[in-house]
Amino acid sequence: MKGGLYDALVATGGDMLLVTNEEAMEAQKLFEKLEGIDIEPAAGVALASLMQAVKEQRVEEDAVIMLNITGGGVARYKKEFNPVMQKPDLVFPVNPDPEMVKAKVRELIGK
């Protein structure tokens, strides 16, 4: 498929890096320690990858880097506000019968 991740990496001369779960978790801890806010696991992977690239001198010393860090504060929010996970009103099987879905939704909305 044209225009996918592979094509983007080839076009930009980009690299894919491999980090372990442990490295990602350490990056998350480091970010929280330095910035004062927790981040999501995907952001931990991105940060660990960047740290690896810097350590391996793949990054120019004066490079400008933008790293998208997601999930800032989710763990803190859960601690402070104790959100309650709601159970779904309807759960359908993987390949539901369309007529059954329509009937159940109608029951749910009272029509």
Side-chain angles (χ1 to χ4, degrees):
M1 176 185 276
K2 291 283 185 191
L5 180 58
Y6 174 80
D7 290 331
L9 289 170
V10 170
T12 61
D15 293 316
M16 288 189 89
L17 302 175
L18 175 73
V19 296
T20 65
N21 289 341
E22 291 76 20
E23 290 168 324
M25 288 186 283
E26 285 301 315
Q28 286 176 266
K29 289 176 189 172
L30 179 62
F31 191 92
E32 186 168 7
K33 177 182 174 186
L34 296 175
E35 299 295 331
I37 197 78
D38 58 279
I39 60 176
E40 291 183 332
V45 170
L47 181 56
S49 298
L50 176 58
M51 291 166 59
Q52 181 185 96
V54 169
K55 185 177 180 181
E56 294 173 358
Q57 298 180 333
R58 293 174 175 234
V59 178
E60 294 178 23
E61 192 171 313
D62 61 348
V64 176
I65 298 168
M66 181 177 149
L67 188 62
N68 185 24
I69 299 292
T70 57
V74 171
R76 184 173 72 184
Y77 176 84
K78 287 179 180 178
K79 233 186 278 181
E80 291 177 6
F81 294 99
N82 195 24
V84 176
M85 298 299 289
Q86 296 294 315
K87 292 183 181 177
D89 292 319
L90 293 173
V91 177
F92 296 109
V94 174
N95 294 309
D97 171 57
E99 293 306 314
M100 181 269 294
V101 172
K102 289 178 190 176
K104 292 287 186 185
V105 170
R106 283 188 189 111
E107 286 175 27
L108 182 67
I109 61 174
K111 288 187 176 185

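Every value quoted in this text rests on a predicted model; they were computed, and no experiment measured them.
- In terms of heavy atoms, T12 sits closest to A8 at OG1-O, 2.8 Å.
- Counting heavy-atom neighbours within 6.0 Å of Q57 CD, excluding the residue itself, gives a total of 12 or less.
- Across G44 and A27, no two heavy atoms sit closer than the pair O-CB, 3.6 Å.
- The distance from the CG atom of L47 to the CG atom of L30 is 6.5 Å, given to the nearest 0.5 Å.
- The local environment of CD in E60 is sparse, with at most 12 non-hydrogen atoms from other residues, nucleotides or ligands closer than 6.0 Å.
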### Candidate pair E32 and K29, rule salt bridge (Lys or Arg N to Asp or Glu O under 4.0 Å), full reasoning
CA-CA 5 Å; E32 186 168 7; K29 289 176 189 172; over 6 Å; no
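- Under a cut-off of 6.0 angstrom, the local environment of CZ in F92 is crowded, with over 12 non-hydrogen atoms contributed by other residues, nucleotides or ligands.
- Pairing each heavy atom of A46 with each of L67, the nearest pair is CB-CD1, 3.8 Å.
- Interatomic distance, E26 CD to K33 NZ, rounded to the nearest 0.5 Å: 10.5 Å.
- Atoms CD and CG, on E23 and L18 in that order, are 7.5 Å from each other to the nearest 0.5 Å.
- L90 and M100 end up in the same hydrophobic cluster when Ile, Leu, Val, Met, Phe, Trp and Tyr side chains are linked at under 4.5 Å.
- The shortest distance between side-chain heavy atoms of V19 and M51 does not fall below 4.5 Å.
- Transitive grouping of hydrophobic side chains (ILVMFWY, heavy atoms separated by less than 4.5 Å) keeps I37 and V45 in distinct clusters.
- Minimum interatomic distance between D38 and A75 (heavy atoms only, all atoms of both residues): OD2-N, 2.8 Å.
- Both L34 and I69 belong to a common hydrophobic cluster when Ile, Leu, Val, Met, Phe, Trp and Tyr are linked at side-chain heavy-atom distances under 4.5 angstrom.
- Annotation for S49 and L17: closest pair O-CD1, 3.3 Å, computed over non-hydrogen atoms.
- Closest approach of Q28 and I39 over heavy atoms only: NE2-O, 2.9 Å.
- The line from CZ of R58 to CG of L50 is 12.0 Å long, rounded to the nearest 0.5 Å.
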